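Only this structure's heavy atoms are used, side chains among them; waters, hydrogens and symmetry mates stay out. Bear in mind that the values here come from a model prediction, so they are computed numbers and not experimental data.
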Amino acid sequence: MKVRLINLAALAAVALSTQGVAQQNDSLERALADLNSGLTAPDGGHGVSIGGDFRARNRWFSDDNFTNNRDVDTRARLTFTFNVTEDSTAFVGFNGRESWGDGKFGTTPGQFDDPADTLTLTRAWVAVDNLFGDGGTSKIGRDYYTVGSGRIHGTDEWDNRPATQSGIWYNHPAGGLNIHFAMLNGIENGYGSTAPVPTALTDNGDDMVYIAGFDWVFDMVEQLGPIHIAPYWIRNENTGLGMEFQTWLGAQITGELMGFGYDAEYSSLDQGSTSGDAWYLGTSIDLDALASLPGIENGNLSLAISGADASFATTGAVKYHDAAGFSDRLGAGGIWTADTDTFQVGLGFSPAENWNGRIAFNDVEIGGSGWTEIDVSIGHEFNGNVQGWFGYAVTDLDNVSVTEDTFWAVLDLAFGN
């Protein structure tokens with residue numbers, strides 16, 4: 001495999017530009033919670049908390065076709081959390097960003113367009129505990145929202161403007177069952193017409209998306225440890241003129257057994273006479289033996305495989321970037337892109353306090369083609385609470401005599417509460 005390494009001195013020069021720290025060690029981890037959730041107002045009464053975060057990200061892409069692109073993009077988020085009473089909270093969040101890659105989804109190697117996005121209101125919601133006197137929490141507005149792992153419907157910190165949805169949400173502990181219900185507007189930025197003025201031929205109205213599920217912890221067998229079971233049902237009625245509605249039934253199961261952490265998820269899609277399945281299985285284990293190596297504090301080994309049928313689809317509101325390598329060739333659809341199989345193995349290690357590194361191998365098959373990729377990354381907490389992340393990927397395309405090099409450099413700084 002021909003590898004064109006980017007000059008290390010040049011890499012150091014761009015280390016002050018960046019990408020999101022949510023991918024520091026495990027690209028499947030996503031920061032989905034609001035920055036200021038769970039705050040308590042002063043004196044148990046009125047109060048407002050201000051917070052946010054800033055990140056700058058650089059991507060340097062090079063291939064065997066004389067393409068050599070560098071790009072620096074920034075994002076800033078500003079949030080206000082109003083603790084109206086002990087039971088009611090109002091939240092507004094602003095996002096200002098530059099797009100990265102080709103358009104607002106994914107990274108198309110060698111193509112960049114960076115339209116500046118002014119600071120806009122992207123999240124606004126009100127949540128009230130015990131609104132109906134039943135012990136549940138009701139919420140209305142627009143916010144980040146993820147079902148299960150987010151592979152079907154979700155948001156992702158990898159994107160400079162994570163997906164948001166408008167609707168209503170209801171949660172209830174239900175004796176530990178933790179039931180959940182949501183009714184959302186037709187998926188924004190997903191299915192539906194993009195015409196300036198929708199007509200009967202281009203749009204079938206703003207139909208709803210319904211979601212129901214629960215999150216239950218099974219801990220009745222001590223030897224098995226706590227098992228998180230989260231089944232879900234999703235119905236998307238905004239599928240286009242004359243098209244059948246989409247329905248997904250799925251479940252995610254996570255836990256730890258005999259020192260092995262595991263994450264499994266399965267989902268089945270039905271749309272009229274069409275059906276398709278997708279699945280994911282991942283595991284990880286701490287490697288105490290690595291701590292015996294000079295300069296290594298600890299380490300872990302991770303393994304993941306996945307598959308999605310050619311007839312499988314997502315809701316259209318999924319941004320699951322960087323789920324199979326830093327090159328991000330799968331884009332927003334992630335590992336459950338239709339007709340896609342992935343295999344990933346990674347070795348994580350901590351060479352010193354506040355330093356985390358990882359080496360990973362990724363094999364992706366999509367349709368009749370695919371690629372292999374080797375990733376090397378390092379993350380560190382610098383002075384001033386600055387989080388840094390640097391990743392380098394070498395990608396070898398199947399049946400094509402082209403090798404791609406991708407370098408990421410990221411700095412992230414949170415501020416406020």
Review point. Under 4.5 Å between any side-chain heavy atoms of Trp248 and Ile211, yes or no?
Key: no
Review point. Using the ring of each side chain (for Trp, its six-membered ring), is His380 parallel, tilted or perpendicular to Phe382, with breaks at 30° and 60°?
Key: perpendicular
Review point. Are the side chain of Asn130 and the backbone of Gly135 linked by a donor-acceptor contact shorter than 3.5 Å?
Key: yes
Check your understanding: Any donor-acceptor pair under 3.5 Å linking the side chain of Thr283 with the backbone of Gly261?
Key -> yes
Study note, to complete from the structure: Scanning both residues in full, the closest heavy-atom pair of Leu347 with Phe349 reads O-CD2, 4.0 Å
Review point. Nearest heavy-atom pair of Ser311 and Ser275: which atoms, and what distance?
Key: OG-O, 2.6 Å
**Study point:** Side chains of Met208 and Asn185 in contact at under 4.5 Å (non-hydrogen atoms)
**Key:** yes
Review point. Parallel under 30°, tilted from 30 to 60°, perpendicular over 60°: which one fits the rings of Trp125 and Phe91?
Key: parallel
Practice item. With Phe54 as reference, evaluate Asp412, Val386, Leu78, Thr74 under the side-chain contact (heavy atoms from CB on, under 4.5 Å) test and give the passing residue. Key: Thr74
Check your understanding: Would you say the side-chain atoms of Arg151 and Ser306 include a donor-acceptor pair closer than 3.5 Å?
Key -> no
Revision key, fill the gap. Heavy-atom closest pair (Ala324 atom, Thr342 atom, distance to 0.1 Å) is CB-CG2, 4.5 Å
Check your understanding: Do the side chains of Gln246 and Thr315 get nearer than 4.5 Å, heavy atoms only?
Key -> no
Point to revise | Stepwise side-chain hydrogen bond (donor to acceptor under 3.5 Å, both in side chains) check, Thr372 with Asp363 | key: CA-CA 4 Å; Thr372 58; Asp363 182 82; 5.5 Å; no
Review point. Do Tyr232 and Ser267 touch side chain to side chain, with heavy atoms closer than 4.5 Å?
Key: yes
Review point. Asp53 versus Arg75: any side-chain heavy-atom pair under 4.5 Å?
Key: yes
Review point. Between Tyr144 and Glu157, is any side-chain donor less than 3.5 angstrom from a side-chain acceptor?
Key: no
**Study point:** Verdict with reasoning, His228 to Asp215, per side chain to side chain contact (heavy atoms under 4.5 Å, CB included)
**Key:** CA-CA 7 Å; His228 291 257; Asp215 188 349; 4.2 Å; yes
Practice item. Dump the intermediate steps for side chain to side chain contact (heavy atoms under 4.5 Å, CB included) on Asn178 and Phe214, then the final yes or no. Key: CA-CA 5 Å; Asn178 299 309; Phe214 64 85; 5.6 Å; no
Check your understanding: Is the backbone of Glu244 close enough, under 3.5 Å, to the side chain of Gln271 for a donor and an acceptor to pair up by distance?
Key -> yes
Check your understanding: So, Glu373 and Asn362: side-chain donor and acceptor under 3.5 Å apart, yes or no?
Key -> no
**Study point:** Check: Thr340 side chain, Ala338 main-chain N or O, donor-acceptor pair, under 3.5 Å
**Key:** yes
Check your understanding: Is a side-chain donor-acceptor pair under 3.5 Å present for Asp263 with Tyr280?
Key -> no
Practice item. Might you work through the side chain to side chain contact (heavy atoms under 4.5 Å, CB included) test for Leu184 and Trp169, ending with a clear yes or no? Key: CA-CA 8 Å; Leu184 309 176; Trp169 294 263; 3.8 Å; yes
Point to revise | Residues Glu404 and Arg59 bridged, charged N to O under 4.0 Å | key: no
Revision key, fill the gap. Nearest heavy-atom approach of Gly154 to Thr146 is CA-OG1, 3.6 Å
Point to revise | Val376 vs Phe390, side chain to side chain contact (heavy atoms under 4.5 Å, CB included): CA-CA, chis, key distance, verdict | key: CA-CA 8 Å; Val376 180; Phe390 310 94; over 6 Å; no
Check your understanding: Do Asn95 and Arg123 have a side chain donor and acceptor closer than 3.5 Å?
Key -> no
